Amino acid sequence: RPSFVLGGRSMFIAFHAAELDGFLDRGIDISAERPVLVDKFLEDAFEYDLDALSDGTNVYVAGIMQHIEAAGIHSGDSACVFPAYKSSDEKLDEMAAAAARICRETNVQGFINIQFAVKNDELYVLEVNPRASRTVPFISKASGVNLVEAVVKIWNGQDLQEQGLVSNGLGCGKCITGWAVKEAVFSFQRFHIIDPILGPEMKSTGEVIGTGQTFGEAFAKAQASAGTVLPVRGRVFVSIHDQDKATVLPIVREFSDLGFDICATRGTAAFLFENGIFAEVILKIQEGHPNVIDHMRTGRIDLLINTPLGHYSQQGDAEIRIEAVRRRIPYTTTTSAAGAAAEGIRYLLKQEINIAPLSNKTSMM
């Protein structure tokens, strides 16, 4: 990744040496002042965003958000949920403790944003940004604490303890709305040949918030705000790589229990049948007709679950995702997003839309 860009511009994930050589042959300006940084990519990991305030001694962890997409998606493109919904209290405490130590060691006095990843129960610090992040308004609304106002007070000499945000040096914010989901807004509809799969280079053009007493309620509202209409009936198409099969099984079973018909590629359908779920077999694009694209064009598919792993899989399924955007068919490319969609649909089936005002405390945000 070039070290002098914002928004992940020109970042690239290389899965083998030839792809790295191809990236370097693009004519990128490389020098001592403009180096290229090489990171190890944690594929199939969970990513977290932590926003905190520090007065140099005391640290207030305003919120820890869990990305619904896997690590490797630009944080501006990933849907995220507050509080983190698939993490242990021990791991969240570890993140808060790491944030406090980083703030004190670097003597930050103001905002700090830290991105973490967890893979195989091991915590990684991806990057530390001593500034406000795009999630500050989201966390302010969801926690009821005006973070900008709190930072200004720090700069005017009032520490976090005097503001009542910390005790014993560390404080943590809570979600006052129950659950809050931030979803990115994209403009893929205007660019019909662009693969909507997400990666390290930011593609979103805005973001929305959904709140609710359950995660499903908050997620469904966020999707509706972003222009994605989750179906409450119809047919779900499933195409997943081998590593995700065990994880996706209970999710597919939940869609079946919700009344959806299931269809899948041959290998996925065989796995589902072995585990008690009957799925209609649908051909891949290269297997002939009628294939998955044909079924999408005739309106037989209402939701796609497609989890590519590795570069060739991501490229091979691009036509399916592009067609989904064209047809306004909701799609997910991770099992966590598929599970979130199932919870959102379960909420929509109740037909109980709750409306709750946001706290007035953060009206200036």
Side-chain angles (χ1 to χ4, degrees), residues 1 3-9 11 37 39 42 45-84 87 91-118 123-155 160 163 165-166 170-175 180-184 198 200-202 204 206-209 362 365:
R1 59 172 179 163
S3 62
F4 46 86
V5 298
L6 292 174
R9 182 66 181 161
M11 283 180 64
L37 308 180
D39 306 314
L42 297 174
F46 282 109
E47 191 168 346
Y48 300 81
D49 254 276
L50 180 149
D51 282 334
L53 313 178
S54 174
D55 58 23
T57 303
N58 303 291
V59 178
Y60 174 65
V61 177
I64 301 175
M65 297 147 281
Q66 183 173 352
H67 292 201
I68 294 174
E69 281 78 21
I73 306 303
H74 191 281
S75 60
D77 286 353
S78 181
C80 65
V81 55
F82 173 53
S87 187
K91 196 60 64 179
L92 295 175
D93 290 343
E94 189 178 346
M95 292 181 205
R101 182 178 176 187
I102 289 169
C103 287
R104 289 166 185 149
E105 291 286 341
T106 56
N107 195 32
V108 168
Q109 296 183 40
F111 280 114
I112 193 166
N113 168 261
I114 304 176
Q115 294 173 19
F116 295 98
V118 175
L123 181 66
Y124 297 82
V125 177
L126 300 183
E127 59 182 72
V128 178
N129 302 299
R131 55 163 172 75
S133 78
R134 67 179 59 82
T135 47
V136 162
F138 170 74
I139 289 294
S140 292
K141 290 292 187 184
S143 68
V145 176
N146 190 321
L147 301 178
V148 171
E149 187 176 65
V151 163
V152 171
K153 288 180 179 177
I154 291 173
W155 296 335
L160 290 169
Q163 295 184 44
L165 293 176
V166 304
L170 180 63
C172 293
K174 298 187 182 302
C175 183
V181 172
K182 177 189 78 73
E183 179 59 282
L198 303 178
E201 188 168 341
M202 187 172 171
S204 62
E207 57 188 30
V208 296
I209 180 175
T362 54
M365 293 300 299

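Owing to the predicted nature of the structure, the values given are computational and were not obtained by experimental measurement.
Smallest separation of non-hydrogen atoms from A180 and F138: O-CZ, 3.7 Å. Pairing each heavy atom of A62 with each of S143, the nearest pair is O-CB, 4.5 Å. Pairing each heavy atom of G56 with each of N107, the nearest pair is CA-OD1, 3.7 Å. Closest approach of V166 to G171, counting heavy atoms only: CG1-N, 3.5 Å. Summarising the geometry of F82 relative to G63, their closest heavy-atom pair is CE1-CA, 3.7 Å, with the distance given to 0.1 Å. Closest of all the heavy-atom pairs between S54 and T57 is OG-N, 4.4 Å.
With V81 as reference, Q66 is the one residue of Q66, E183, M65 to meet the side chain to side chain contact (heavy atoms under 4.5 Å, CB included) rule.
Put simply, CD1 on I64 and OH on Y48 are 9.5 Å apart, with the number rounded to the nearest 0.5 Å. The line from CZ of F46 to OG of S87 is 9.5 Å long, rounded to the nearest 0.5 Å. Atoms NE2 and CD, on H67 and Q115 in that order, are 6.0 Å from each other to the nearest 0.5 Å. Taking NZ of K91 as the start and CE of M95 as the end, the distance is 7.5 Å to the nearest 0.5 Å. One distance of note links OG1 of T106 with CZ of R101; it measures 11.5 Å at 0.5 Å rounding. The distance from atom CG of N129 to atom CD1 of I114, rounded to the nearest 0.5 Å, is 9.0 Å.
No side-chain heavy atom of R134 sits under 4.5 Å from any side-chain heavy atom of N113. With contacts defined as side-chain heavy-atom distances shorter than 4.5 Å, the pair E105/C103 does not qualify. The shortest side-chain heavy-atom distance between F111 and L53 falls under the 4.5 Å cut-off.
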Inset, instruction - Could you walk me through whether V61 and L170 pass side chain to side chain contact (heavy atoms under 4.5 Å, CB included), step by step? - result: CA-CA 8 Å; V61 177; L170 180 63; 4.1 Å; yes
Inset, instruction - Show the numbers, then the answer: is there a side chain to side chain contact (heavy atoms under 4.5 Å, CB included) between L160 and V59? - result: CA-CA 7 Å; L160 290 169; V59 178; 5.6 Å; no
Inset, instruction - May I have the step-by-step check of side chain to side chain contact (heavy atoms under 4.5 Å, CB included) for V125 and F116, ending in yes or no? - result: CA-CA 5 Å; V125 177; F116 295 98; 3.6 Å; yes
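Qualifying side chain to side chain donor-acceptor pair (under 3.5 Å) partners for D55, counting only residues two or more places apart in sequence or in other chains: N58.
Side-chain N or O atoms of Q163 include none that pairs as donor or acceptor with a backbone N or O of K153 at under 3.5 Å.
One side chain, D51 or T135, offers a donor N or O that lies under 3.5 Å from an acceptor on the other.
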